[in-house]
**Q** 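Dropping the structure in here first, questions after.
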Amino acid sequence: MPFLGQDWRSPGWRWVKTEDGWKRCEPFSPALEDGSNQLNDISHTVIITGDDENEEVYNSEDCEFAAKKRKKDHFRNNTDSQCFYREKWIYVHKESTKERHGYCTLGEAFNRLDFSSAIQDIRRFNYVVKLLQLIAKSQLTSLSGAAQKNYFNILDKIVQKVMEDQYNPRLIKDLLQDLSSTLCILIRGVGKSVLVGNINIWICRLETILLWQQQLKNLQMNKQVNNGLTLSDLPLHMLNNILYRFSDGWDIITLGQVTPTLYMLSEDRQLWKKLCQYHFAEKQFCRHLIPSEKGHIDWKLMYFALQKYYPIKEQYGDTLHFCRHCSILFWKDTGHPCTASDPNTCLMPVSPQHFIDLFKF
């Protein structure tokens, strides 16, 4: 009889010999294993007392079925236990072959890649937040129940990190706004769309999002006390160079609100012209010229007007990469087992939108 499994070349399931025979090992989380050990201490015959004080004895098979059900319920109810992979790379297969059955979905990739630890890295933080925002806009209903649970767990960690570090709250506010709008539409149209789980769970999640929004709204920035060199002490040409390094117009406006000197530098026409030329092609902003009262082009208004029509270039400190030779998705600094003669020629950076497009079949 041929071996039937996920991969016919794999060794199959892991089995352990016990006094009752060979049993298959199941990869539960440590918290679940502790609960399963307690459940395994129960004898093979269970006596249940009913209302009429009659005793009903179950055989070993019924007991084993009941134990498995209790373990499953315990795992589902325990919100602290997460049985998600934390892999450094995953194989992206889009069709069944002799070696691999099935295909990799967006939810599976979201669970297996270690996004929970990626948000602790300041280089990957904006990348993960942008990915969550794109999923919230269009792909939330395509995630499995486990992936949706993982999504909100990661989102919770992001909000707590912002509350503690006060890092880029504007980005998280935009994410929560898009997510709350999506959930309102889905909850109102229940029955017309696919929502995994009870409707009350989604209402509870929406209330949690509104609570997060209120917390971020009331967030007070701590004033740092520093007797040393500050940003205002730098010469004008260095401050100007810092502003020219920014690729986001809102960051320029925010920095301009710190001091009158920075405000003057942030209103420089040449600065906003360079920003428009970086993000948009000449044909694009030639169609939406906005002259000022003096007859000059108002490049600042041009930038925000063009944002409504065309996407801006995205910049991230670190992104996921895709190997075209191995069809493997991975973080660049962790690497992957590539079999190509020149791996660097096969690498391709993956933007958040490209990550979602990889799993559209």
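Atom set for the values below is all heavy atoms of this structure, side chains included, hydrogens, waters and symmetry mates excluded. Note that this is a predicted model, so its numbers are computed, not measured.
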**Q** Just wondering, are more than 12 heavy atoms of other shown residues or ligands nearer than 6.0 Å to CD1 in I122?
**A**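 Counting other residues, nucleotides and ligands, CD1 of I122 stays at 12 neighbours or fewer.
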**Q** Got a donor-acceptor contact below 3.5 angstrom from the S327 side chain to the Y91 backbone?
**A**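 No; judged by distance alone, with no hydrogens or angles, the pair does not exist.
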**Q** Show, in sequence, the C-alpha distance, side-chain angles and deciding distance for F359 and Q139, and conclude whether the side-chain contact (heavy atoms from CB on, under 4.5 Å) test is met.
**A** CA-CA 11 Å; F359 304 99; Q139 301 296 322; over 6 Å; no
**Q** Could you give the distance from OH (Y167) to CD1 (I158), rounded to the nearest 0.5 Å?
**A**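 These two atoms lie 11.5 Å from each other.
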**Q** Evaluate F246 against L271 for side-chain contact (heavy atoms from CB on, under 4.5 Å), listing each step before the verdict.
**A** CA-CA 10 Å; F246 287 177; L271 171 65; over 6 Å; no
**Q** Applying side-chain contact (heavy atoms from CB on, under 4.5 Å) to W89 and L320, what does each step give before you reach the verdict?
**A** CA-CA 9 Å; W89 56 268; L320 287 168; over 6 Å; no
**Q** With a 3.5 Å distance limit and no angle check, can you tell me whether N150 reaches the backbone of A146 through a side-chain donor-acceptor pair?
**A**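 Not confirmed, N150 side chain does not pair with A146 backbone.
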**Q** If every non-hydrogen atom of Q166 is compared with every non-hydrogen atom of Q220, which pair is closest and at what distance?
**A**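 Reported closest heavy-atom pair: NE2-O, 2.9 Å.
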**Q** Mind checking whether Y127 and V350 have side chains closer than 4.5 Å, heavy atoms only?
**A**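 In contact.
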**Q** Less than 4.5 Å apart, side chain to side chain, heavy atoms only: is that true for S181 and K137?
**A**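 No. Closest side-chain heavy atoms not under 4.5 Å.
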**Q** With a 4.5 Å heavy-atom cut-off, do F125 and V129 have their side chains touching?
**A**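 Result yes, sub-4.5 Å side-chain heavy-atom pair found.
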**Q** Between D298 and K300, does any side-chain N to carboxylate O distance fall below 4.0 Å?
**A**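 No.
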**Q** When you measure from the side chain of Q133 to the backbone N and O of L179, does any donor-acceptor pair fall under 3.5 Å?
**A**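 Absent.
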**Q** Strictly by modelled atom types, are Q120 and S117 linked by a side-chain donor-acceptor pair under 3.5 Å?
**A**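 No pair is found: no donor N or O on one side chain lies under 3.5 Å from an acceptor on the other.
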**Q** Looking at R170 and D248, is any side-chain nitrogen of the basic one under 4.0 Å from a carboxylate oxygen of the acidic one?
**A**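 Looking at D248 and R170, the cut-off is met.
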**Q** Look at the aromatic rings of H321 and F330 and report parallel, tilted or perpendicular, splitting at 30° and 60°.
**A**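 Taking F330 first and then H321, their aromatic rings sit tilted (interplane angle of 30° to 60°).
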**Q** Could you tell me whether the side chain of S232 reaches within less than 4.5 Å of the side chain of T261, counting heavy atoms only?
**A**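 SC-SC contact between T261 and S232 ruled out.
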**Q** Answer yes or no: are there more than 12 heavy-atom neighbours, outside M348 itself, under 6.0 Å from its atom CE?
**A**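 Atom CE in M348 is packed in, count exceeds 12.
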**Q** Checking H279 side chain against K313 main chain: does a donor-acceptor pair fall under 3.5 Å?
**A**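 Side chain of H279 to backbone of K313: a pair is present.
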**Q** Any idea how Y151 and F110 line up, ring-wise: parallel (<30°), tilted (30 to 60°), or perpendicular (>60°)?
**A**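 Judged by the thresholds at 30° and 60°, the geometry between Y151 and F110 is tilted.
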**Q** Is K273 paired with D268 through a side-chain N to carboxylate O contact shorter than 4.0 Å?
**A**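 Between K273 and D268 there is no salt bridge, as every charged N stays at least 4.0 Å from the carboxylate O atoms.
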**Q** Has Q148 got a side-chain atom pairing as donor or acceptor with L140's backbone, closer than 3.5 angstrom?
**A**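 Yes; judged by distance alone, with no hydrogens or angles, the pair exists.
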**Q** Between Q315 and Y278, does any side-chain donor sit less than 3.5 Å from a side-chain acceptor?
**A**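 Yes, side-chain donor-acceptor contact under 3.5 Å.
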**Q** For Y263, look at atom OH and say whether over 12 heavy atoms of other residues, nucleotides or ligands are found less than 6.0 Å away.
**A**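 Not buried by this count: 12 neighbours or fewer within 6.0 Å.
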**Q** Please examine the side chains of L176 and L155, heavy atoms only from C-beta on, and report whether any two atoms are closer than 4.5 Å.
**A**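 Yes, side chains in contact.
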**Q** Determine whether the aromatic ring centres of residues Y303 and W250 are separated by less than 6.0 angstrom.
**A**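 They do not qualify: ring centres at least 6.0 Å apart.
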**Q** Taking only residues two or more places apart in sequence or in another chain, which ones pass salt bridge (charged side-chain N to carboxylate O under 4.0 Å, His left out) with K161?
**A**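 Counting only residues at least two positions away or on another chain, K161 forms a salt bridge (charged side-chain N to carboxylate O under 4.0 Å, His left out) with D165.
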**Q** Check the hydrophobic clustering (I, L, V, M, F, W, Y; side-chain heavy atoms under 4.5 Å; chains of links allowed) and say if Y244 and L234 are grouped together.
**A**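 Yes, it is one cluster - the side chains of Y244 and L234 are joined through contacts under 4.5 Å.
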**Q** Membership question, hydrophobic clusters at under 4.5 Å side-chain separation (ILVMFWY): are M163 and L210 in the same one?
**A**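 Unlinked, L210 and M163 end up in two clusters.
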**Q** Tell me whether N218 contacts the main-chain N or O of Q214 through its side chain, where contact means a donor paired with an acceptor under 3.5 Å.
**A**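 Checked: pair present.
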**Q** Okay, side chain of D156, backbone of F152: is any donor-acceptor separation there less than 3.5 Å?
**A**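 Not at all, since once roles are kept as given, no pair shorter than 3.5 Å links the two residues.
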**Q** Please find the pair of heavy atoms, one from H354 and one from P349, that lie closest to each other, and give the distance.
**A**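 Result for this residue pair: ND1-O, 4.0 Å.
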**Q** Using a 3.5 Å distance criterion without hydrogens, assess whether the side chain of W272 forms a donor-acceptor pair with backbone atoms of S266.
**A**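 Confirmed, W272 side chain pairs with S266 backbone.
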**Q** Would you check if the distance from the ring center of W299 to the ring center of F304 is below 6.0 Å?
**A**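 When the ring centroids of W299 and F304 are compared, they turn out to be at least 6.0 Å apart.
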**Q** For residues L231 and L239, report the shortest heavy-atom separation together with the two atoms involved.
**A**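 Shortest heavy-atom separation between L231 and L239 comes out as O-CD2, 3.3 Å.
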**Q** Is R124 salt-bridged to D333, going by a charged N under 4.0 Å from an acidic O?
**A**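 A salt bridge links R124 with D333.
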**Q** Please examine the side chains of M302 and F280, heavy atoms only from C-beta on, and report whether any two atoms are closer than 4.5 Å.
**A**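 SC-SC contact between F280 and M302 ruled out.
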